[in-house]
Amino acid sequence: MNKKGSDIQNRTLGGRSMAQPKAAGELNAVQLETDLLKRWTDEKTFQASIDVRRNGAPFIFLEGPPTANGKPGIHHVVARTYKDLVCRWKAMEGFLVERKGGWDTHGLPVEIEVQKRLDLMSNEAIEAFGMAEFNQACRESVWTYEAAWREMTERMAYWVDLDNPYVTLDNDYVESAWWALKQMFDKGLLYRGHKVLPFCPQTGTSYSSHEVALGYKEVEEPSVYVKFKLTDDNASILAWTTTPWTLPGNVGLAVGPEVTYVRCRVKEAAGEHWEGAGGADVGEEVILAKDLMKEVLRHHVDIVDEFPGADLVGRSYEPLFPGAVPKGDSMTAWTVLEADWVTTTDGTGVVHTAVMYGEDDYNLGMEAGLPAHHTVDMDGSFVTGTHPELDGRYVKACDETIISLLSSPGGTNGKGPESGLLYREKAYAHDYPHCWRTDHPLLYYAMDSWFVRMTAVKENLLKFNDQVEWAPDWVGEGRFGEWLRNVKDWAISRERYWGTPLPVWRSESGEMKCVGSIKELQEEVAKAVAAGIANPDCTDDVDLHRPIVDGFTLLSDSGEVMHREPFVMDCWFDSGCASFAQWHHPFENEEVFNASFPVDYICEGVDQTRGWFYTLLAVSTTVFDQPAYKRCLSLGLILDAEGKKMSKSRGNIVDPWDHFNREGADATRWYMVTAGAPWNPMKFDPNGVRETYAKMFLTLWNVYKFHADYAALDAFDPEASSIPVAQRPALDRWVLSRLATVANDYHENFVNWQFHKAGRDLEDFVVNDLSNWYVRRSRRRLWDEADSNDKRSCQHTLHEVLLTVCRLVAPVAPFMVDEIHRNLTGASVHTAPWPAGVPGSLEGATSDAWDEAAAKATASLPPTDPELEATMALVRELAEAGRRIRIDGNRRQRLPCAQGWIVAGPELSEFHDLLAEELNVEAILVENDLDRFQRIELAPNFRALAPKARSSVNEVAQAIRAAEDPEALLQAIRAGGAEVLGVTVEESDVEVKRVERPGFAAQTVDVPGADGASLHVSLVLDMNDSPALLSKGMARDITRRVQAQRKAMDLELEATIDLEVWVVNGPAMEEADEAWVAAETRCAGCVFHPESSTPPEGAETFEVDGTTVHFTVA
RNA sequence: GCGCGGGUGGCUUAGUCGGUUAGAGCACCCGGCUGAUAACCGGGAGGUCGCAGGUUCAAGUCCUGCCUCGCGCACCA
């Protein structure tokens, strides 16, 4: 402690080699990070980190493109951290990891945003505004938050090329997407259909199932039981629906042919508990499934008849809303049909069928020849002619009207809605899909649509999915696999404006042409023009968006005029093309594409399972007959500290900048990675970030600072000298061994996607092993001004440990470790090799195969010494045991003990000095007579004992434990087995435990030995006092208080003081101890006053063990 | 409703092949240590390991049922 602070500056002024560390300053994490960002930009460090691996095997990462028309949040930081860390890690392993950015720019979210801003909440409004203008507004809106995204991306140090990103609205990208569609078209996988789809009247568009999945909400709605009056019989069939608005469209009733139905007659009026509208008269007859009578009927009835559903088939009934649906030439309208999917789990066992508003309804209607007529318009209102009270009204607003119409008993003969046809209404709670953008309930609606025949490639989807390495595996096997096993044809067309246009032209008679490139479009346009069809120019840079592409009119093979199908693509299709469209395949970059497909690694939130994870695979399977990616990390959702999902509407979004500006991006990233497994939902706790900063980064910084300051002071140059590890002191060999062990585990955990475990272990190493033990125990070694071997050894060791720690941390938290690495070596950590080896740089290596042994040989880790690690663990245990003994014996730490004995255990003489210091004892002795301080205990070994003792194992175990003379029992056992309660106990059935004898100031610690067996080592302290010990202890107490006072007075380290001390009622101070106090506290003058003199007013005072001490510092 | 993943002191979590004392961190209390650290060390309090059964000599761990949270699925007419 005799270094002068100013020396640190003075001595470093001379010529410093690149690798010669300079002193570290105080830590300002945010400043450090922002300074480094500048430096990375100036020095093009990202590019350098790629270039230095130019000859490595490629590892291909594909960025899932975010939409830049929303502000980035903390969940984006999480995803980007995992993307970044894997890329950085693989790069350090010697792989060439290029990272192209990407932006998703099409789709409904963009349109909705613009519609809101321009107040264009319907398709009519958009078209009146002008499609070209609208799309221009969309094109601009896409970049609203690009700057915010860029800032966040850079600040968090997500290394990705944002200057040459792929952008889904670019002509090149769209052209590749067109090409992909044409492949599907040519393979017969793209088809035009008429299908019932979930449809949002507000946005005027239908949704694919993965979009519908985003909007399920539980709602309570009125459901109704309706009486359908048979035309040729005085009875009604009861049917149930949760969507009263589909009733005007009713054209059929479906029954299960095998289901048993009953005809019953109402016996008496309903009781008083009747709720809501509807009812039935006494004597009225209704028909429904027998199983559901109890559930449905609210009257006492007599069963008149019982029959299978087949008996009902073909019978006709009165339309509910006569005239709402024209009968046309249908022979089956308003008759009973059979359908095998009808069950008796809900309703009445009779399914009301409105052809246009349900998938089953539609299929049944087509099969049975029911009239396909819409009673509802695309805007969600009833068409004129449905009923005077309903025409033109939004269907969801008509529930009450329909119920009241059906329950008013005004009509006659059961014809028309006002005929008392409502039997009952019942509130019904269920999950119903809502528009994920506007929150409006979706209507199932039969409409024109284009599909990709995913059902035709299901086997391949499953096969390719099996080839993907999923993390966690259950997402691939379970959730994603299940989705694929139930795959449906992909409805990819949207009746929208802003998106990749569907490149299909179609004639009135149904001839079709799918255009796969700009060149092809030009050729087709030329053909049409040659045939006399007027067309605008189709230049090489024609904008491939609406309304431009709508302006082209083509010619069919038979000479008919063809117009473009007025759809754009599902924007998920766009991003699903990313693996090849980012390279404008197949029009350009053939080599790049060939070398990078399929990609090695993608990573997104688990919510992309049905989104991007699926569409990437769907497109690659249909177009290339290959999987698109080899590894997929599926991240858990991010929740707030209460475990609630973060959402704008809840207002519990965490702003990443709060942490970037407080604890820094390092701490934020490290926290997110160590908080839990990547696939588990993460509760984001702002306090956790702070804790990470305080523990991990502050500690690391201080270790570094300790090393750097003395390295600078001593002009330490790691390259100027070297000391083989084997020749270094045990403490050094120990920390290096620990380092290697931790690094190997760290790497193993990375390989298994267990980044959280890796990080936790490394943090534990830095805080406990490195800072709290190695540095603490080594401090005095560096205080030595002489150029000793021991000091150099410590410096080399610290240097090496820090470098390896930096390299391990770098992928996760890239800032501070770069600062440290740069100062220690002159080079960025991001161009450094991965400590566990650099397989990517090996000749012939690929992203997933390399010579394991050759890779190991490239590792840069010190040797491990498990025995030494175990020994040191014991030493640390003993040091802690010493403190426990002192607590138990009420003896303060600063009061030395004359001696301490170590009983049993391995040879520790190498660490006796260290232990003496830690324990504050004058001498460490080894006690060879174990029985002097220890006795034995026997513990049963259940694994061995259980098979022999069976059900009496507990009694036997208890007997062994409670043996009055365990020593004798053990001897008997060793002599060939002892009978305990009829069981022969052998040596392998018991564990011998040595513990301290009662009555001594002792503790026994239990540590695993090198050979796996348990070691029982005791520490005994001599608790007797002597005048010399008391004097020494007092000297230490005084020193400690004076040092505290120096600190409180804010004195320079090298400042000298004048000290005066008055000890009242204390031990006689020995001269040597007084001198020691003076030296430790840097006294110019030091006076110990006799007890008779009186201390001045204002002297510092403290009390210890009944002694009062006063002192003054000047 | 079906599928997947959770539920361990106030909070965040570890817990391997089932093995008898469920382990950490934060926060709290007491004590100690400290001229690098926002730390560190020792002790204390705090747990019916979601609930109920079952298998077993032995269950946080395996089985069954249920409750609950999250996510996903869906032709609920």
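Naming: A, B, ... by sequence-line order, numbering from 1 per chain.
- Ionic pairing of Asp745(A) and Lys757(A) is not present here: no N-O contact between side-chain nitrogen and carboxylate oxygen is shorter than 4.0 angstrom.
- Comparing the same atom, P, in U68(B) and in C76(B) gives a spacing of 23 Å after rounding to whole Å.
- Taking every heavy atom of both residues into account, Phe697(A) and Ala667(A) meet most closely at CE1-CA, 3.7 Å.
- Closest approach to the His352(A) side chain among C75(B), C41(B), A77(B) is made by A77(B) (side chain taken as heavy atoms from C-beta onward).
- Straight-line distance from the CD1 atom of Ile885(A) to the C1' atom of G42(B): 12 Å, rounded to whole Å.
- Across the strands present, G9(B) finds no partner; the criterion is a Watson-Crick or G-U wobble pair with both atom distances under 3.5 angstrom.
- At the heavy-atom level, Arg943(A) lies under 4.0 Å from base atoms of the strands shown.
- Here C41(B) is the nucleotide among C41(B), U37(B), A38(B) with the atom lying nearest to any side-chain atom of Asn768(A).
- Within the 4.0 angstrom heavy-atom criterion, base atoms lie near Ala946(A).
- Between Arg892(A) and Ala677(A), the residue whose closest nucleotide on RNA chain B is further toward the 5' end is Ala677(A).
- Whole-Å rounding puts the Tyr614(A) OH to C73(B) P distance at 12 Å.
- Residue Thr699(A) has no polar side-chain atom (N or O) positioned under 4.0 Å from OP1 or OP2 of U37(B).
- Going from the P atom of A77(B) to that of G5(B) covers 30 Å, rounded to whole Å.
- Taking the six-membered ring for Trp and the full ring otherwise, the centers of Trp470(A) and Phe613(A) sit less than 6.0 Å from each other.
- Trp701(A) has its CH2 atom 17 Å from the C1' atom of A39(B), to the nearest Å.
- Across all strands shown, C71(B) pairs with G3(B); the Watson-Crick or G-U wobble distances both stay below 3.5 Å.
- Residues Leu700(A) and Leu802(A) have side chains in contact (heavy-atom distance under 4.5 Å, counting atoms from C-beta outward).
- The CZ atom of Phe480(A) sits 13 Å away from the C1' atom of G72(B) (whole-angstrom rounding).
- Using a 4.0 Å heavy-atom distance criterion, Arg884(A) is classed as a sugar-phosphate-only contact.
- A straight line from CG of Leu27(A) to P of A38(B) spans 12 Å, rounded to a whole angstrom.
- For the P atoms, the distance linking A59(B) with G18(B) amounts to 13 Å, nearest Å.
- Closest to the side chain of Glu880(A), from the set C41(B), U37(B), C71(B), is C41(B).
- Comparing the same atom, C1', in U21(B) and in G6(B) gives a spacing of 27 Å after rounding to whole Å.
- Rounded to an integer number of Å, the gap from NZ of Lys695(A) to C1' of C41(B) is 13 Å.
- A distance-only check finds a donor-acceptor pair linking the side chain of Thr246(A) to the backbone of Thr243(A) [under 3.5 Å].
- If Val351(A) and Leu698(A) are placed on RNA chain B by their nearest nucleotide, the residue sitting closer to the 5' end is Leu698(A).
- Considering only the side chain of Arg479(A), G72(B) comes nearest among G5(B), G72(B), A38(B).
- Among the protein residues, Arg760(A) comes within range of the sugar-phosphate backbone only, with heavy atoms under 4.0 Å from sugar or phosphate atoms but none that close to a base.
- For U34(B), its base sits under 3.5 Å from the side chain of Arg1040(A) at one donor and acceptor pair at least.
- Comment: Arg776(A) engages Glu918(A) in a salt bridge, judged by a side-chain N to carboxylate O separation of less than 4.0 angstrom.
- G72(B) and U8(B) have their P atoms separated by 22 Å, given to the nearest Å.
- Nucleotides C49(B) and C40(B) are separated by 30 Å at their P atoms, to the nearest Å.
- Using a 4.0 Å heavy-atom cutoff across all strands shown, Arg1036(A) reaches sugar-phosphate atoms only and no base atom.
- Below 30°, between 30° and 60°, or above 60°: for Trp490(A) and Tyr614(A) the angle between ring planes is between 30° and 60°, a tilted geometry.
- Rounded to a whole Å, the CZ atom of Arg883(A) is 14 Å from the P atom of G32(B).
- Base-pair partner of A27(B): not found among the strands shown (Watson-Crick or G-U wobble, both distances under 3.5 Å).
- The side chain of Glu482(A) sits closest to G72(B) out of G42(B), G72(B), U37(B).
- The base of C33(B) does not come close enough to the side chain of Arg894(A) for any donor and acceptor atom to sit less than 3.5 Å apart.
- In C28(B) the base sits anti relative to the sugar, since the glycosidic angle is further than 90° from 0.
- Looking at the side chain of Thr242(A), the nearest of the listed nucleotides G15(B), G32(B), A77(B) is A77(B).
- Checking A77(B), G32(B), U21(B) against every side-chain atom of Thr241(A), the shortest atom distance belongs to A77(B).
- Checked against the 6.0 Å centroid criterion, the rings of Tyr693(A) and Tyr671(A) do not qualify as a close aromatic pair.
- Of the nucleotides present, none pairs with U21(B) by Watson-Crick or G-U wobble criteria with both distances under 3.5 Å.
- In this structure, CD of Glu955(A) is placed 8 Å from C1' of C57(B), rounded to the nearest angstrom.
- Between the C1' atoms of G10(B) and A45(B), the separation comes to 12 Å (whole Å).
- Residue contacts for Val475(A): at a heavy-atom cut-off of 4.0 Å it reaches no nucleic acid atom on any strand shown.
- When both distances must be under 3.5 Å, the Watson-Crick or G-U wobble mate of C76(B) does not exist.
- Nucleotide C62(B) has G54(B) as its partner under the Watson-Crick or G-U criteria, with both atom distances under 3.5 Å.
- The residue Trp240(A) sits close to a base: some heavy atom pair falls under 4.0 Å.
- The ring of Tyr357(A) has its center closer than 6.0 angstrom to the ring center of Trp245(A).
- Rounded to whole Å, the P atom of C11(B) lies 12 Å from the corresponding atom of G47(B).
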